[in-house]
Structures are given as C-alpha cells and as structure tokens.
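Reminder, nothing fancy here: chain letters follow the sequence lines and each chain counts from 1.
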There are 2 protein chains.
Amino acid sequence: MEKHTITIYDVAREADVSMATVSRVVNGNPNVKPTTRKKVLEVIERLDYRPNAVARGLASKRTTTVGVIIPNVTNIYFSSLARGIDDVATMYKYNIILENSDGNSRKEISVLNTLLAKQVDGIIYMGNSISSELRSQFAHSKTPIVLAGSIDDQEEFGSVHIDYAAAIEEAVADLLNHGNQRIAFISGPLKEPINGKYRLAGYKKILAKNGIEFDPELIFETDYSYHAGEMLWPAIVSAKATAAVVGDDELAAGVLNGAQDAGVKVPQDFEIVTSNNSKITEIVRPKLSSITQPLYDIGAVSMRYLTKLMNKEEIAEKTVELPYGFIKRSSTK
Amino acid sequence: MEKHTITIYDVAREADVSMATVSRVVNGNPNVKPTTRKKVLEVIERLDYRPNAVARGLASKRTTTVGVIIPNVTNIYFSSLARGIDDVATMYKYNIILENSDGNSRKEISVLNTLLAKQVDGIIYMGNSISSELRSQFAHSKTPIVLAGSIDDQEEFGSVHIDYAAAIEEAVADLLNHGNQRIAFISGPLKEPINGKYRLAGYKKILAKNGIEFDPELIFETDYSYHAGEMLWPAIVSAKATAAVVGDDELAAGVLNGAQDAGVKVPQDFEIVTSNNSKITEIVRPKLSSITQPLYDIGAVSMRYLTKLMNKEEIAEKTVELPYGFIKRSSTK
DNA sequence: CTGAAAGCGCTAACAA
DNA sequence: TTGTTAGCGCTTTCAG
C-alpha cells in the first residue's frame, strides 16, 4: 500500500463536506458554520493535511513569494537590507527567493526572467545601476517592483533610500570644519548614479558653498572591496588629501588600514568618514565616524511598500526617503 | 480587448502542433523533428511565451527550488556559505528560498513547514543545534536535506563541514608551542555540539597530550556577537589566560579589541586565534591568525550534494569533510 | 452556509 | 515523431 500525499479531497471525504468547504476553512473564510469548521479542522489535524502551495498558486494566481535581486549576500550592506526585507516578508506571509546578481546586468536580466517564470508576486531590486535593458524588462512586466537602498535616477520605480547627496554634504561639512581643504571623495563606480550623480553632487555642492574649488584629482573611483581601499593609499598621498569621505564601509576600512599600515595617524594626520554605519565601523580601530542609515529599516520599509503595491493600494509618493544621521567616532577630529 | 497571459496552448495553436510537442521543445526533449522544433521556437519567440513554473511544478511534482534555512544572513560566516549554495544552485537550475531562523528552534520548525508547503525539492540547513522536534520533522518528510557548515552529533543527515576538533587541536598546539599554559576557550553556546562536543574535545585532547590539566575556568561560553567578545576581557584577565582560541570571528574581533582597548599588546601580552577566516580577520589590527575553512566551498559542496540526493543518486559517505588549514597572521607570535 | 464544477498551465503516459 | 487525454491540488464563480 503506497501512502499518497493527502489532499484537500481526502479531507473533504473524511469530513463529509465538499472541497470548497475545506478550502474555506483553510483560508479562514468566515462563511463556514462553526460546527462544520470544527469538524474539518479535526480531520485536518488527524490526517496531518498540509495545503500544497504550488497548487494554490496555480489556482489563485498568487504565489505569496517575492523575488529579491541582490548584488551579493556576502556584502554586509546588502545583507542588512535583506534581513529587513525577509522579516517583514515573513510578517506578511511572503517568502523570499534570493538571487545574487553581482551587479552584473546580464545576470540581473536572467535572474529577473527566472523570477518572473516562478510567478513571484513582486520583486525587490538592490543594485546601483539599472541598465536600460533591465529597465525595459521591468517596465514590461506587470509585476510590482521596488528598489531597496538603491536609487533610480529616472525615478521610474518605487524606491526607498536616504538622501545620499545631503548626507555626504553633512559629512564633508564636518571635515571642512576641522580645517581640511583637500578632501578625497572615494567611491564605487561613478557610472552608478548613487556615486556619480548623488554623492558626488553633494560633495561638490558643499565645497562650492565653502568657496573651495573642485579638484578632479581628489576623486577616487574604485570597486567596493576592502582590498581596493587598502591599495589606494599611495594615490591618496600623491593627491595631497588630508581627509576622505568614503562611499562604502569595507572600502573605508581598507583606506583606514592602508593609511595606518603606512604609518599615518588617524585622525591626527588624516581623517576618514564613511557612509553606511555597518558593524565594520565599530570593529576597526580607530572606529569609523559614519553617516548613519537605517539599513534594516530600509529593507523593511521596501518590503512593506511592496506589499501595498501587490495589494494594488495607492501609494502617495513613489520615493520614500528615510532619515539619515551622522555619528562621530574616532576617525575624525 | 483584455490581453491574457499566453500559454502553451496558444503556442500550440499558432504553431499548429499539439501542446505536448510544445512542451517537448520547451523541455529540450530530443524526440522532435528539427523542422517542427524550429517552427515552435519561432512562435515562442514571436509570442514571447514564458513557461509558467508554478504550473510546471504542479504537473511534474518538481519545483526546482530548494529551501535554505539560515540563522542570520547578516552573519558573514553564514552568508559566505549561502553564496556558495546559491551559485551552484543556479548552476543546476535551482532557485533558493531563503529563511532566517535566528537559530531559534521554534522559528526553524515554522520555516520548515512553509518550505515544505511550497514543495521545495530539497533543503539546506545551517544551524548549530538540531532540536529533537526539528529532527523528527526532518525525518518524517520525504524531502532530502543536507547540513551546511553545521554538524549533527547523531549523524542522521548528510552534512558537509570540516573536522572542528582537529582544527582546534592544531590551533591550540600552536599557542602551546609559544609557551602559553593557560589558554582560554571562547565559543558560542556549549549546548551546540559544534562547540560543546567537537571543538571542546579538540581543546581538551591537545591539552592532555601536553600534560596540561584542564581548567573549567578557562572556558567562556557566550553568544556570537562582536559585543560579547568585547565585554569578555575582564573575565579573561581574572582567569589569568595568556591566549585564547575563539570559535567565531566576530567574537574574536571583540576579544581582540577588548584587550587592546584595555591596553594590552597583542600578540606580545596576549595571543588570539580564531576559527573561520572570514574577511574580518584581515580587517582588524593586528590581523587575526585563524583556522581556515573553505566557506564558499562548503556551501557549494552542500548544494551539489543535495542535487545528488534530489536525483536519488547513491552517496557513498553521509558526511563530507572538507580540508581545513591554519593561517598565521599577527595575533599570534 | 454549502456544494458542484470549471478551470489554473503544464507534464506524462499512452496511443497512433 | 506527434497527438490525446488525464490529471497535479487547489480556488473560485455560480447555484442553491
């Protein structure tokens, strides 16, 4: 005797009701007489019946799963967002399909297609630049999508993030107050709007406001790794910078250690402020002063936003901007 | 005119073949005449048809998705494993549903149930202790499961990890060689077999081998956070330890900084060796000497293992042990 | 409050 | 090599 999967049909038969009724109690539909409900529940318990989510998804056209496109789970900035996303997803009974893209637009597109094939109810995208092909694929699909901790310079999609330009302005202002005249701007690829457009704009603006001429020599474009930062020190020295704003914490840790390993005293001889206030800022010595962003909350709010989209609720603003802050630690005077 | 989702049926009609034939070409079944295949492919292209994975899953009883239970994506140890898992999953055309459990057994069970409801083809579990209820749920389900970077002292499930006991032995031996007589053993909860059983056994064994009496005062049981390590310093001092082996990198970074912030010189006055060789070991100063584990590979091999289980292939050994190593950096003499 | 019945979009025998 | 035909397990009108 082969033990087969027990289905809604088995429950219906045993409880002597129709499949429809079983479906109703499973879905918490109030239109069921309490006694009937009780009877059905008992049978469900006795048979250890578990609804098949796949069948449910096919019949209802809702899978209660959302796709998450992340550059790299291993990066603390993104994994912090992801945790916020997952927690509120769980809260709203959604599950997350996680896909690493390495920020590579070809992968992003392929990943998007498998997500769509799996009929996800919504998508959360993390990444720093949306290629035009990806943009058009997003636009074509009926699936709602929101950007988490990422920014779309064309403001085509819902998105939650902080005001990157203003945050950098504030950080640089602090450095300026300490008398620094040559402040390095160190970030990931400038072709990513978050760096090349918003952060850089903030940097230029505060410089201008203080009557300091912008010097392209002080702009350092690299990748997001610790190692890249570590290697950068000689170049920073040649540029005669006395301080730096850095767009990523791992990168900043690299710069910090590169400087210190070369014998310079931070913050006495060189000041550093970073952007994401992730754990790393407290693990290095001296601890890094940083712009603060509510990473977990950005993830959480993005997911909440997405649930509204999936429910076709009206959203007032396309972009939600969360507050940022600044925490002074020991890498600045 | 409402534009409806285009299905296999539409393709069949347009290409003037049966659904079965379309299904065959979509699935790469060789039993299709080349000309027919070409014709179908053209229609698929023209109609921009995309197979519905949910329907496919229901009909074939295979969802090509696997569930991943992870304590916390934000922890670099686990996210490194996760990255390995996801990469080989992608390679084998599987997708990953990620669920954070916080190592909490109630959450693990609830998460397992939703994974099973979603009909995942397999499960990868990360976590340091399998509660008996979870164990029985695993055992009851027909879904294959493998443990990644985690160990089951009852060896009931497939699992891939390193030899934790031997690795700790080697690390402690090094400390012993430097003349340390009182070496602290610092780890997460001892009720987790990885700590209380394997690592601790290695520690005791090498001590015994060197004729040093085991002193319970040198055992520090805490949680995995950086902060916990930082707070531990006073206690370590009272225990008169001159060195420590630590079971987690963040924890070790905490111990390191706690010591240094108290003015002690590492490694001159105190030596530290840690266990996971994650990025953090190179970010702190001095850099941490560490046991090395192929984290990414552990994840990758686990997933590969799972694919075999899902294909019902025979596996020679239930446990696959990957090689560990030891890298001397600057936190030891 | 409950049931009957028609699918959801696809796969998988089984025939032809 | 191709088509026919049952389902997969559930939701959802529509009646009653």
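Between V32(B) and R24(B), the shortest heavy-atom distance links the atoms CG2-CB, 3.6 Å.
The distance between atom CZ of R13(A) and atom P of dT2(C), rounded to the nearest whole Å, is 20 Å. If you measure from atom CG of N31(B) to atom P of dG3(D), you get 13 Å, rounded to the nearest angstrom. Here dC10(D) presents its C1' atom at 15 Å from CG of N29(A), a figure rounded to the nearest Å.
Side-chain atoms of K118(B) and T64(A) form a donor-acceptor pair, as typed in the model, at a separation below 3.5 Å. Donor-acceptor pairing under 3.5 Å is recorded for the side chains of T63(B) and D121(B).
Over its length, the helix from dC1(C)-dG16(D) to dA16(C)-dT1(D) turns its helix axis by 30°, as judged from the five terminal pairs at each end, rounded to 10°.
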Heteroatom pairs (N/O) under 3.5 angstrom, protein to nucleotides 9-13 of chain C:
{"residue": "dG9(C)", "atom": "OP1", "partner": "K61(A)", "partner atom": "NZ", "Å": "2.9"}
{"residue": "dG9(C)", "atom": "OP1", "partner": "T5(B)", "partner atom": "OG1", "Å": "3.3"}
{"residue": "dG9(C)", "atom": "N2", "partner": "A55(B)", "partner atom": "O", "Å": "3.3"}
{"residue": "dC10(C)", "atom": "OP1", "partner": "Y49(B)", "partner atom": "OH", "Å": "2.5"}
{"residue": "dC10(C)", "atom": "OP1", "partner": "N52(B)", "partner atom": "N", "Å": "3.1"}
{"residue": "dC10(C)", "atom": "OP2", "partner": "I8(B)", "partner atom": "N", "Å": "2.4"}
{"residue": "dT11(C)", "atom": "OP1", "partner": "N27(B)", "partner atom": "ND2", "Å": "3.3"}
{"residue": "dT11(C)", "atom": "OP1", "partner": "R56(B)", "partner atom": "NH1", "Å": "3.4"}
{"residue": "dT11(C)", "atom": "OP2", "partner": "S23(B)", "partner atom": "OG", "Å": "2.7"}

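Between R106(B) and E133(B) no salt bridge is recorded (no basic side-chain N to carboxylate O distance below 4.0 Å). For the pair E42(A) and R46(A), the salt-bridge criterion is not met [side-chain N within less than 4.0 Å of a carboxylate O].
Heavy-atom contacts from other residues, nucleotides or ligands closer than 6.0 Å to CD of E313(A) number more than 12. For E317(A), the CD atom sits in a loose shell: 12 or fewer heavy atoms of surrounding residues, nucleotides or ligands are nearer than 6.0 Å.
With Y125(A) as the fixed residue, the side-chain contact (heavy atoms from CB on, under 4.5 Å) test singles out one of L112(A), I70(A), V68(A), L147(A): L147(A).
A sub-4.0 Å separation between OP1 or OP2 of dT1(D) and a side-chain N or O of T36(B) is absent. Look at T21(B) and you'll find a side-chain N or O under 4.0 angstrom from OP1 or OP2 of dG3(D).
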